[in-house]
Amino acid sequence: MIINEKLAIQTAELLLQVNAIKLNIEKPFTWASGIKSPIYCDNRLILSYPKIRKFISYEISKFIKTEIQKDFYVAGVATGSIALGMLIAENLNKPFIYVRPETKKHGTGKQIEGRVLKNIPVVVIEDLISTGKSSLNAVEALQKVDIDVLGVFAIFSYGLEVAKINFDKANQKFYSLSDFSTLIGYSKKNLGLSTDELDKVNVWKKDPVNWMI
């Protein structure tokens, strides 16, 4: 779910402004999963823009502080959310760890980097939620070492039904500053998307795996 509508619009505008979100319906992008998508999101680009990264990290930090009234620390999902997670941990004056996609094949063989604090839960920071797979992989790794996860907080969500199903199965909450529906609404109003283009992206959202132009 998005935090609030006004913030979702502001975030979508900023992401489009720095080309972190690209729309190309005629030449769709291919995700790592093999899914063809008319939208590609690279939120790591915000790190190159001090005002924007400050805005985004501040707004996520503010929401977490309001939402969670108990002691916690911050976990980022490697690699895309390490820097964002650090910014949020700094804003909140909290310890920080990050979670690799899998255990290292060398050295200490860790999957979780940083000092694990016993009996203290974490919030997980993610830059982007598509199917929820990478976020929930991190959640599972944390839970395996008895760390309670209070929720996943992201910059952007594609709003796919599969993500909702996956998070529900894992009994996890997730929040984002902006999402697909807000982006498309903003693009229709400000970027002049045609009715045909809107129909195509909305069909994609309903069934991204089998989507065809």
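Below, all heavy atoms of this structure are taken into account, side chains as well, without hydrogens, waters or symmetry copies. Sequential numbering from 1 along the given sequence is applied to the chain's residues.
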Do the side chains of [X] and [Y] get close enough for a salt bridge, i.e. N-O under 4.0 angstrom?
X	Y	value
Asp42	Lys22	no
Glu26	Lys200	yes
Lys164	Glu161	no

Side chains of [X] and [Y]: closer than 4.5 Å at any heavy-atom pair?
X	Y	result
Lys205	Ser181	yes
Leu84	Ile155	yes
Glu126	Phe153	no
Leu92	Lys65	yes
Ile125	Val77	no
Val152	Val139	yes
Leu15	Ile46	yes
Pro121	Ile147	no

message = Donor-acceptor check, side chain of Arg100 to backbone of Gln111, threshold 3.5 angstrom: yes or no?
response = no
task = Check for a donor-acceptor pair, side chain of Ser81 on one end and backbone N or O of Ala78 on the other, with a separation under 3.5 Å.
result = no
How far does [atom1] of [X] sit from [atom2] of [Y], to the nearest 0.5 angstrom?
X	Y	atom1	atom2	value
Ile9	Leu14	CD1	CG	12.0 Å
Leu160	Lys206	CG	NZ	13.5 Å
Ser187	Glu13	OG	CD	11.0 Å
Asp71	Leu117	CG	CG	8.5 Å
Ile3	Glu59	CD1	CD	7.5 Å
Leu23	Leu16	CG	CG	6.5 Å

Does atom [atom1] of [X] have more than 12 heavy-atom neighbours, drawn from other residues, nucleotides or ligands, at distances under 6.0 Å?
X	atom1	answer
Glu90	CD	no
Asn19	CG	yes
Tyr58	OH	no
Gln143	CD	yes

With sequence neighbours excluded, residues passing salt bridge (charged side-chain N to carboxylate O under 4.0 Å, His left out) with Asp146 = none
query = Which residues pass the side-chain contact (heavy atoms from CB on, under 4.5 Å) test with Ala163, sequence neighbours left out?
reply =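 With neighbours one apart ignored, the set is Ile129.
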[X]-[Y] co-clustered via ILVMFWY side chain contacts under 4.5 Å:
X	Y	result
Ile184	Val203	yes
Val123	Tyr98	yes
Leu45	Ile56	no
Val122	Phe96	no
Val124	Met86	no

message = Tell me whether the NZ or CZ atom of Lys94 lies within the 45° cone about the ring axis of Phe72 and under 6.0 Å from its centre.
response =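 Judged by the rule (NZ or CZ under 6.0 Å from the ring centre, within 45° of its axis), Lys94 counts as positioned above Phe72.
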What pair of heavy atoms forms the shortest contact from [X] to [Y], and how long is it?
X	Y	result
Ser135	Phe167	CB-CZ, 3.9 Å
Ser176	Ser157	OG-CB, 3.7 Å
Ile2	Ser178	CG2-C, 4.0 Å
Ala12	Thr182	CB-CG2, 4.4 Å
Ile64	Ile88	CD1-CG2, 4.2 Å
Ala75	Leu142	CB-CD1, 4.2 Å

ask   = Checking ring-ring contact (aromatic ring centres under 6.0 Å, His included) against Phe180, which of Trp204, Tyr158, Phe156 comes through?
value = Trp204
task = Indicate, with yes or no, if the rings of Trp31 and Trp211 have centres closer together than 6.0 Å.
result =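 No, ring centres 6.0 Å or more apart.
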inquiry  = Taking the six-membered ring for Trp, are Tyr175 and Phe63 closer than 6.0 Å centroid to centroid?
reply    =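 Under 6.0 Å, so yes.
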ask   = Yes or no on side-chain contact (heavy atoms from CB on, under 4.5 Å) for Leu87 and Arg53, after CA distance, side-chain angles and deciding distance?
value = CA-CA 9 Å; Leu87 289 168; Arg53 74 181 184 225; 4.3 Å; yes
ask   = Does one side chain, of Ser134 or Asn137, offer a donor that lies under 3.5 Å from an acceptor on the other?
value =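 No.
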query = Between the side chains of Asn210 and Asp207, is a donor N or O closer than 3.5 angstrom to an acceptor N or O?
reply = yes
query = Please walk me through it: do Phe55 and Ile60 pass side-chain contact (heavy atoms from CB on, under 4.5 Å)?
reply = CA-CA 9 Å; Phe55 171 83; Ile60 295 177; over 6 Å; no
request  = Please report the C-alpha distance between Leu136 and Gln172 in whole Å, then the side-chain angles of each, then the deciding distance to 0.1 Å, and finally whether the side-chain contact (heavy atoms from CB on, under 4.5 Å) criterion is met.
outcome  = CA-CA 8 Å; Leu136 292 172; Gln172 281 296 317; 4.3 Å; yes
request  = I would like to know whether Ile35 and Thr30 meet side-chain contact (heavy atoms from CB on, under 4.5 Å); could you show each step before the answer?
outcome  = CA-CA 6 Å; Ile35 290 175; Thr30 302; over 6 Å; no
